[in-house]
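Quick notes on the structure that follows.
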Number of protein chains: 2
Amino acid sequence: MVTKKATLEASAKLVKSNRGRRKSSVALTREQIASAALTLLSERGIDAFSVRDLAKSLGVYPTAIYHHMATKNDLLAEVVAYALKDMEPPPQGQDWQTWFRELFHRYRSAVQAHPSVAPLIGARLVSNAGVGSDLIEHILTKLVEAGFSEDANIVEAFNVVIAAKVGFVTLELAPQPDELEDFEDMMRVRVNTVNVASYPLMARLLPLLANSAFMMRWENGVRRPMDDSFKAYVDVVIFGLERLRGEVSL
Amino acid sequence: MVTKKATLEASAKLVKSNRGRRKSSVALTREQIASAALTLLSERGIDAFSVRDLAKSLGVYPTAIYHHMATKNDLLAEVVAYALKDMEPPPQGQDWQTWFRELFHRYRSAVQAHPSVAPLIGARLVSNAGVGSDLIEHILTKLVEAGFSEDANIVEAFNVVIAAKVGFVTLELAPQPDELEDFEDMMRVRVNTVNVASYPLMARLLPLLANSAFMMRWENGVRRPMDDSFKAYVDVVIFGLERLRGEVSL
DNA sequence: ACCTGAACACCGTTCAAGT
DNA sequence: ACCTGAACACCGTTCAAGT
């Protein structure tokens, strides 16, 4: 335990506790930068995040960051990878349905732990690059197990899985606008002034939909997790994959 | 046809053709601003978009924009609404499966027509507000037709539909990084240096996956539409919804 | 009501210079 | 190799003043 790695962790902790004042003369690492960036992102949100503030929190000049990261985009991609690094793939030896179910749920949990990175995933091509080859190979293996193959839609099925994995969670955890209160009021009013004559179903279902359905909520998934809907979504995807497997191959 | 609306369109065209030089003394409208913003967004991408450039393209001072829009976020929400305003809901009188299939395909076509707004949808809670009540009522009606109800998962089904509608397309059309060439090269290398021993499946399927699968592509859906995968995705969602309807109600 | 014009408090990023 | 320090060319937004 008392190795280079331990020493590094200790110094990292030191730097972290000295926020704003960089006493240690140990060199910065990409990981330290990513970690500090994630902290800042969580505290202030994506819109308020700046390289200059990040530098300040690390006790260095803004330009020091650019010795480790090429651009701000590069930095954000690193933050995504750092935030999701603890997501472990589901254990092997389960049927493919269970495996994919767990994959989706674990991914959601990982993003829920760092919801501030949600808008960076999926909506930017860079962050895709962060996913490891291990996970890709795993997914392909399970798809073969499910009956897909080079001659039977395995590429399509793969893309369905990835889109399904990322899609719901991105929407669920989409960040709120900065002017919180105005937005809440606006949405409350909008939702509660539904014209009963024009929109009978909407009006009747209002108690169920208000602040619980996409486009009718004023709080996002951080404050109001959509657990039941996510469960239904995962069911739909698994059921659908089961049937897709049985349909025509190319 | 020769109405106020036509006059408005004519004046809008005039202003548009006078890019950078605002001869007309007619007042700006939110629609003109949104239109010009969409043009700029398409030409230069979301990262290069600024209120100041938008003002320049309209021939006004940047601060003039703020007489019509509260913030840049507000403006972007307006642009999303403007870009999607031509998306017509599927015609009525079809079975619910066909209706939802068409909804998904029409939505994709609408975003494909203005792919620069893709990263603004879903990943930001503001843009959700842009969807009209008509569409929401339509979706709910079709879900009731499908067998969902207040006592049987209609909220969950609704959220599944919305997440499905937006999810895939957001990923498919996610914008490329600015430093195009570096990224292409990086991804090409990454994809072509897959370790055959560690990742046998990935290596074998490489010809099929390269530049065609999420996380293994270096061009996005604008240049490389993922038609087959989207089709499979829609199938999966419809199949899944059919079966979800039959499962346990709450 | 709608826009000008000046100003404020910031940005990301480059480059030369220090150690 | 890693960081400082100064500088460049921008930002979004506020506010008073004009018409």
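The sequence lines fix the lettering, A, B, ..., with proteins before strands; numbering per chain opens at 1. Since the model is a prediction, treat every value here as computed from it, not as a measurement.
At whole-Å resolution of the value, OH in A:Y61 and C1' in D:dT4 are 6 Å apart. With rounding to whole Å, B:I65 atom CD1 is found 16 Å from C:dG5 atom P. What separates CE of A:M69 from P of C:dT14 is a distance of 15 Å, to the nearest Å.
In terms of phosphate contacts, A:H68 brings a side-chain nitrogen or oxygen within less than 4.0 Å of OP1 or OP2 of D:dC3.
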(request) Convert the base pairs of DNA chain D into dot-bracket notation, remembering that pairs crossing earlier ones are written with [ ] and that bases paired across to another strand are shown as |; include only Watson-Crick or G-U pairs under 3.5 Å. (result) ||.|||||...|||||.||
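Side-chain contact between A:I139 and A:I162 is present, with heavy atoms from C-beta onward closer than 4.5 Å.
Checked against the 6.0 Å centroid threshold, A:F214 and A:F168 count as a close aromatic pair.
Remark: B:L40 CG to B:E43 CD distance equals 6.0 Å, nearest 0.5 Å. In this structure, CE in A:M69 is found 9.5 Å from CG in A:L76, a value given to the nearest 0.5 Å. In this structure, A:I33 CD1 and A:L54 CG are separated by 7.0 Å, a value rounded to the nearest 0.5 Å. Within the model, atoms CD of A:E78 and NE2 of A:H68 stand 11.5 Å from one another, a figure rounded to the nearest 0.5 Å.
Every residue two or more places apart in sequence or in another chain that forms a side-chain hydrogen bond (donor to acceptor under 3.5 Å, both in side chains) with A:R124 is listed here: B:D47. In this structure A:N195 satisfies the side-chain hydrogen bond (donor to acceptor under 3.5 Å, both in side chains) test together with A:S198, sequence neighbours excluded. Under the rule for a side-chain contact (heavy atoms from CB on, under 4.5 Å), the partners of A:S116 that lie at least two apart in sequence or sit in another chain are A:L38, A:L41, A:S42.
Residue B:V160 comes nearest to A:S229 through the heavy atom pair CG2-O, 4.0 Å, listed as atom of the first residue, atom of the second, then distance.
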Check nucleotides 17-19 of chain C against the protein and report each pair of N or O atoms closer than 3.5 Å, with its distance, or say if there are none.
none

Can you tabulate the close N/O pairs, meaning under 3.5 Å, that link protein atoms to atoms of nucleotides 9-13 of chain D?
{"unit_1": "D:dC11", "atom_1": "OP1", "unit_2": "B:S50", "atom_2": "OG", "d": "3.2"}
{"unit_1": "D:dC11", "atom_1": "OP1", "unit_2": "B:D53", "atom_2": "OD2", "d": "3.4"}
{"unit_1": "D:dG12", "atom_1": "OP1", "unit_2": "B:V51", "atom_2": "N", "d": "3.1"}
{"unit_1": "D:dG12", "atom_1": "OP1", "unit_2": "B:K72", "atom_2": "NZ", "d": "3.2"}
{"unit_1": "D:dG12", "atom_1": "OP2", "unit_2": "B:V51", "atom_2": "N", "d": "3.1"}
{"unit_1": "D:dG12", "atom_1": "OP2", "unit_2": "B:R52", "atom_2": "N", "d": "3.4"}
{"unit_1": "D:dG12", "atom_1": "N7", "unit_2": "B:R52", "atom_2": "NH1", "d": "2.5"}
{"unit_1": "D:dG12", "atom_1": "O6", "unit_2": "B:R52", "atom_2": "NH1", "d": "2.8"}
{"unit_1": "D:dT13", "atom_1": "OP2", "unit_2": "B:Y66", "atom_2": "OH", "d": "2.5"}
{"unit_1": "D:dT13", "atom_1": "OP2", "unit_2": "B:K72", "atom_2": "N", "d": "2.8"}
{"unit_1": "D:dT13", "atom_1": "O5'", "unit_2": "B:Y66", "atom_2": "OH", "d": "3.4"}

